[in-house]
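This report concerns only the one structure given below.
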Protein chains: 2
Amino acid sequence: MYIEALKKELKDKKYRMTPQRELVLKVFIDNENDHLGAEDVYRILFSNKHSVSKATVYRTIELLVDFGFLRKLDFGEGIYRYELAKKNKMHHHFICKICGKIYEIEEKHLDILKKELENQGFVFEDFDFKIYGICPKCNKKTKKRIENKK
Amino acid sequence: MYIEALKKELKDKKYRMTPQRELVLKVFIDNENDHLGAEDVYRILFSNKHSVSKATVYRTIELLVDFGFLRKLDFGEGIYRYELAKKNKMHHHFICKICGKIYEIEEKHLDILKKELENQGFVFEDFDFKIYGICPKCNKKTKKRIENKK
DNA sequence: ATTTACTTGAAAATAGTTTTAAGTTATACT
DNA sequence: AGTATAACTTAAAACTATTTTCAAGTAAAT
């Protein structure tokens, strides 16, 4: 469980588990299918009457990223979003340029590339594969719109 | 040539080619191997005695991205960087977590994925593949450091 | 029990980017 | 050519996300 893992990780590194840190991590656990930004986390805590200061939210998120609990994402909006960094879970995204929806995509075809880079001496630690395009839903709508124009 | 293409593009869409727009695009052409941020562009122009206001630099970059002349990149630094969006040129990057150097990487193995997504109805417009890890240079240094410790 | 180091919150600072308001320039129209 | 119109630029101010500062609080270690 994430909370326990965080406690252990903190203890090992002479940091402390605090109510605030637990609350922030819990927000990500409770919303694991979203891609929350720091302000989202602050707002969620605030509306749940758990007041954690912004500074602490930001600091805790940074700490969780450093410890590998969260993965930092950027969808070109000018803010960072984060997701729980489940092990062995790839984190590729398809961002629809029309509706903005973010789809999680699976990727099984990177092994060849990975091996190639490793042969060249690169150490493959983390990767982030973003595809921008039009999702099936919007694609249908666009087609309809074009047909209506005819 | 980019400048001519931009002129045409602007004219088609009832925009105007201005000295400022030409200057900004030229900065990217003259530095095509770098990944410049908006502030870099401003600084380069400023030091070349071509004063273009920051607002115009930012606006022009946005316009160039919209028109497909530039590609917006993010390396998790809190700023956006841009590169000339050459057609048929992939833009995958390997960012060394140690030295921060950005390597361009070639990728020829995405066709299977692309086809898969297209079968599902996704329209593949642009993608951005980022790999974080340790580059061969740093890898060597790290190995040495570890050996020295023994 | 006291020291030490870590943590928090509120406010201020910072950095990148966007907006505003006023003036300038190019294009279209007569 | 002269004028109207719309696009464009500038400098400064505003804005937004994020980070830093610093005083005060809290837990762990001695």
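The sequence lines fix the lettering, A, B, ..., with proteins before strands; numbering per chain opens at 1. Everything numeric here is computed off the predicted structure, so don't read it as measured data.
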*Please report, rounded to the nearest Å, how far the C1' atom of D/dT18 is from the CG atom of A/Asp74.*
14 Å

_How many whole angstroms separate atom NZ of B/Lys13 from atom P of D/dA7?_
15 Å

_Using the side-chain heavy atoms of B/Ile79, tell me which of these nucleotides is nearest: C/dG16, D/dA7, C/dG9._
C/dG16

Pairwise N/O distances under 3.5 Å, protein to nucleotides 18-23 of chain C:
none

*How do B/Gly78 and B/Met17 order along DNA chain C: which one's closest nucleotide is nearer the 5' end?*
B/Gly78

*Salt bridge A/Glu83-A/Lys72, side-chain N to carboxylate O under 4.0 Å*: no

*What is the distance from CG of A/Leu10 to P of D/dT26, rounded to the nearest Å?*
19 Å

_For a salt bridge (charged side-chain N to carboxylate O under 4.0 Å, His left out) check, start with the C-alpha distance between A/Lys8 and A/Glu4, then their side-chain angles and the critical distance, and finish with the verdict._
CA-CA 6 Å; A/Lys8 195 187 171 310; A/Glu4 292 311 313; over 6 Å; no

*What are the residues of residues 37-44 of chain B, sorted by number, that bring a heavy atom to within less than 4.0 Å of DNA chain C?*
B/Ala38, B/Glu39

*Hey, are B/Arg81 and B/Asp34 close enough for a salt bridge, meaning a charged N less than 4.0 Å from a carboxylate O?*
no

*asked:* If I take atom CG in residue A/Leu6 and atom C1' in nucleotide C/dT7, what distance separates them, rounded to the nearest angstrom?
replied: 14 Å

*Between B/Asn48 and B/His50, is there a donor-acceptor pair closer than 3.5 Å when you use the side chain of the first and the backbone of the second?*
no

*Check whether any side-chain N or O of A/Arg21 sits under 4.0 Å from OP1 or OP2 of C/dT7, and answer yes or no.*
yes

*Check whether any side-chain N or O of A/Tyr82 sits under 3.5 Å from a backbone N or O of A/Leu64 as a donor-acceptor pair, and report yes or no.*
no

*asked:* Could you tell me how far apart A/Leu23 (CG) and C/dG9 (C1') are, to the nearest whole angstrom?
replied: 15 Å

*Would you say a side-chain N or O of A/Thr18 is under 4.0 Å from OP1 or OP2 of C/dT7?*
no

*asked:* Whole angstroms only, please: what is the NZ-C1' distance between B/Lys14 and C/dC29?
replied: 13 Å

*Hey, which sits more toward the 5' end of DNA chain C by its nearest nucleotide, B/Arg16 or B/Tyr80?*
B/Tyr80

*Donor-acceptor contact present, side-chain B/Tyr15 to main-chain B/Leu63, <3.5 Å*: no

*asked:* Could you tell me if B/Lys7 sits above the aromatic ring of B/Tyr2, with its cationic atom closer than 6.0 Å to the ring centre and no more than 45 degrees from the axis?
replied: no

*Roughly how many Å is it from NZ in B/Lys72 to P in C/dG16, rounded to a whole number?*
15 Å

*OP1, OP2 of C/dG9 versus side-chain N and O of A/Gln20: anything below 4.0 Å?*
yes

Mind listing the side-chain donor-acceptor pairs of residues 18-30 of chain A below 3.5 Å, one per line with the distance, residues two or more places apart or on another chain?
residue	atom	partner	partner atom	Å
A/Thr18	OG1	A/Arg21	N	3.2
A/Arg21	NH1	A/Arg16	O	2.7

_Ion pair A/Arg43/A/Glu39, N-O distance below 4.0 Å_ = no

*Atom pair distance, as rounded to whole Å: CD1 in A/Ile61 and P in C/dT8*: 13 Å

